[in-house]
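Please read the structure below before turning to the comments.
Both backbone and side-chain heavy atoms feed into the values below; hydrogens, waters and symmetry mates do not. Just so we're clear, the structure is a prediction, and the values are computed from it rather than from any experiment.
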Amino acid sequence: MTATGKGCVYLQTSLKYNIFPKKEEFPFALGVQTLPQTCEGPKAHTTFQVSLNVSYTGNRPASNMAIVDVKMVSGFIPLKPTVKMLERSDDVSRTEVSNNHVLIYLDKVTNQTLSLSFTVLQDIPVRDLQPAIVKVYDYYETDEFAIAEYNAPCSKDQGNE
């Protein structure tokens, strides 16, 4: 920094960068699968189920309220009735579908594995699909989180235009 002239100046700098944490550092266990797992069947290119397994492995007996943020694979949208059906679970307080994300609000997460799933549909055909990110985090302790990724069952198939 260089300055000339008269007056007062306040300068502050900050350097930030992201390092993907090691799996054993996550205070949540997060598993994501797609069903079907292969590209077999007539609907495998256009619809599949996202299945999530979440549990808390941190220092406390349970997390605070937690949010599972599921980003959609490019070209896919969630089937809203299947997302709303998650609210029937005692552990899910509410769900939201916004832009290309599904947000699932959990009252708390314990060491007991919680299984959740919903269906996604292809809205727009996309080639060379890349994995999408799923993140679970404590609403009040946002540094407590876990990240996983998933891909569409037919993501390696180039003929799904």
Side-chain angles (χ1 to χ4, degrees), residues 18 20-58 62-161:
N18 292 325
F20 198 75
K22 295 177 186 167
K23 276 199 173 200
E24 61 268 10
E25 295 175 7
F26 290 150
F28 287 93
L30 175 62
V32 185
Q33 286 189 332
T34 56
L35 298 171
Q37 294 178 335
T38 62
C39 204
E40 298 170 9
K43 292 186 177 183
H45 288 278
T46 59
T47 184
F48 63 92
Q49 193 171 44
V50 177
S51 297
L52 310 164
N53 289 317
V54 182
S55 62
Y56 182 71
T57 58
S63 73
N64 298 306
M65 181 174 75
I67 298 176
V68 181
D69 182 351
V70 184
K71 188 174 190 314
M72 294 293 101
V73 173
S74 295
F76 285 83
I77 58 171
L79 185 60
K80 289 182 182 180
T82 64
V83 174
K84 276 291 182 201
M85 199 175 296
L86 292 171
E87 294 179 11
R88 293 182 181 175
S89 166
D90 292 336
D91 300 302
V92 177
S93 58
R94 70 178 194 172
T95 59
E96 288 180 20
V97 176
S98 63
N99 297 330
N100 60 345
H101 288 259
V102 170
L103 300 173
I104 305 167
Y105 292 80
L106 306 173
D107 294 325
K108 66 180 178 182
V109 181
T110 65
N111 62 358
Q112 299 295 313
T113 300
L114 177 61
S115 297
L116 308 162
S117 65
F118 59 92
T119 303
V120 297
L121 305 170
Q122 187 178 47
D123 187 38
I124 301 167
V126 175
R127 285 179 163 245
D128 299 323
L129 290 173
Q130 299 300 309
I133 300 293
V134 178
K135 181 176 182 178
V136 58
Y137 60 94
D138 188 302
Y139 185 79
Y140 298 104
E141 303 285 340
T142 55
D143 58 330
E144 288 194 353
F145 66 93
I147 298 174
E149 61 182 31
Y150 73 99
N151 213 337
C154 298
S155 60
K156 302 287 187 255
D157 186 5
Q158 300 303 309
N160 61 348
E161 284 188 275

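For the atom pair CG (L30) and CD (E149), the distance works out to 11.0 Å, reported to the nearest 0.5 Å. With rounding to the nearest 0.5 angstrom, the CD atom of Q112 is 10.5 Å from the CG atom of D91. I104 contributes atom CD1, which lies 5.5 Å from atom CZ of F118 (distance to the nearest 0.5 angstrom). From D69, atom CG reaches atom OG of S98 across 7.5 Å, with rounding to the nearest 0.5 Å. With values rounded to the nearest 0.5 angstrom, L103 atom CG is found 8.5 Å from R94 atom CZ. Of the inter-residue distances, the one linking L52 atom CG with S115 atom OG reads 9.0 Å to the nearest 0.5 angstrom.
Between F28 and Y56, the ring-plane angle classifies as perpendicular under the 30° and 60° cut-offs.
Y150 has its side chain within reach of V73: a pair of non-hydrogen atoms, C-beta onward, lies under 4.5 Å apart. Looking at heavy atoms from C-beta onward, M72 lies out of side-chain contact with I77 at the 4.5 angstrom threshold. Put simply, the side chain of Y139 does not reach to within 4.5 Å of the side chain of N64, judged on heavy atoms. Between T34 and N151, the closest side-chain pair of non-hydrogen atoms is not below 4.5 Å.
Within the structure, salt bridge (Lys or Arg N to Asp or Glu O under 4.0 Å) contacts touching residues 129-140 (residues at least two apart or in different chains) are R60-D138.
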Requested in this report: Decide side chain to side chain contact (heavy atoms under 4.5 Å, CB included) for K71 and N100; before the verdict, give the C-alpha distance in whole Å, the side-chain angles of both, and the deciding distance to 0.1 Å.
Outcome: CA-CA 6 Å; K71 188 174 190 314; N100 60 345; 3.1 Å; yes
Working for side chain to side chain contact (heavy atoms under 4.5 Å, CB included), residues V102 and L86
CA-CA 11 Å; V102 170; L86 292 171; 5.5 Å; no
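Between the side chain of T119 and the backbone N or O of L79 there is no donor-acceptor pair closer than 3.5 Å.
The minimum heavy-atom distance linking L129 with A152 is given by the pair CD1-CB, 3.9 Å. Shown here for A148 and V32, the closest heavy-atom pair between the two residues is CB-CG2, 3.8 Å. P153 and P36 get closest at one heavy-atom pair: CG-O, 3.0 Å.
A donor-acceptor contact closer than 3.5 angstrom links the side chains of E87 and T95. A donor-acceptor contact closer than 3.5 angstrom is absent between the side chains of N111 and S55.
F76 and F48 have their aromatic ring centers within a separation under 6.0 angstrom.
No option in V136, D107, T110, V109 other than V109 meets the side chain to side chain contact (heavy atoms under 4.5 Å, CB included) test with S63.
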